[in-house]
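Heads up: numbering here begins at 1 and tracks the sequence.
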Amino acid sequence: MAELDATLSPAEFEEWKVYFQVEPWGTAAADEHFRGLYQLFWCFHSKKTMPEFLDRFPEERARQRRREERKTAEEKIFDFFNGLG
């Protein structure tokens with residue numbers, strides 16, 4: 001901490017804070033890899049619904065879930081077979 005205090009200016013610290021808001025440490029792809037590992041571990045050890053881990057875009061995921069819930073059975077079947085081709 002003493003080294004950072006001596007070498008990191010307040011302006012540079014603010015720049016790092018802004019950068020972290022835009023791109024938290026790591027990438028979205030790395031988050032997806034870890035989410036898969038967490039899910040595998042969670043499903044193996046628990047019967048409960050898995051909580052959301054590393055969700056960078058919770059609002060977008062909620063909108064996507066609502067869209068999926070509104071789909072009719074016909075749309076879901078079409079999506080399934082459309083994805084096979």
Practice task
Decide whether Ile77 and Phe80 are clustered together by the hydrophobic rule: side chain heavy atoms of Ile, Leu, Val, Met, Phe, Trp, Tyr closer than 4.5 Å, transitively.
Solution key: yes
Problem - Under-4.0 Å salt bridge between Lys71 and Glu68 - result: yes
Practice task
To the nearest 0.5 Å, tell me how far His33 NE2 sits from Tyr38 OH.
Solution key: 13.5 Å
Problem - Spacing of Leu37 atom CG and Glu32 atom CD [to the nearest 0.5 Å] - result: 11.5 Å
Practice task
Please list, chain by chain and in numerical order, all residues satisfying salt bridge (charged side-chain N to carboxylate O under 4.0 Å, His left out) with Glu75, sequence neighbours excluded.
Solution key: none
Tell me which donor-acceptor pairs under 3.5 Å the side chains of residues 12-20 have, and how far apart each pair is, sequence neighbours excluded?
from: Glu14; atom 1: OE2; to: Lys17; atom 2: NZ; distance (Å): 3.1

Problem - Residues forming a side chain to side chain donor-acceptor pair (under 3.5 Å) with Arg67, sequence neighbours excluded - result: Glu60
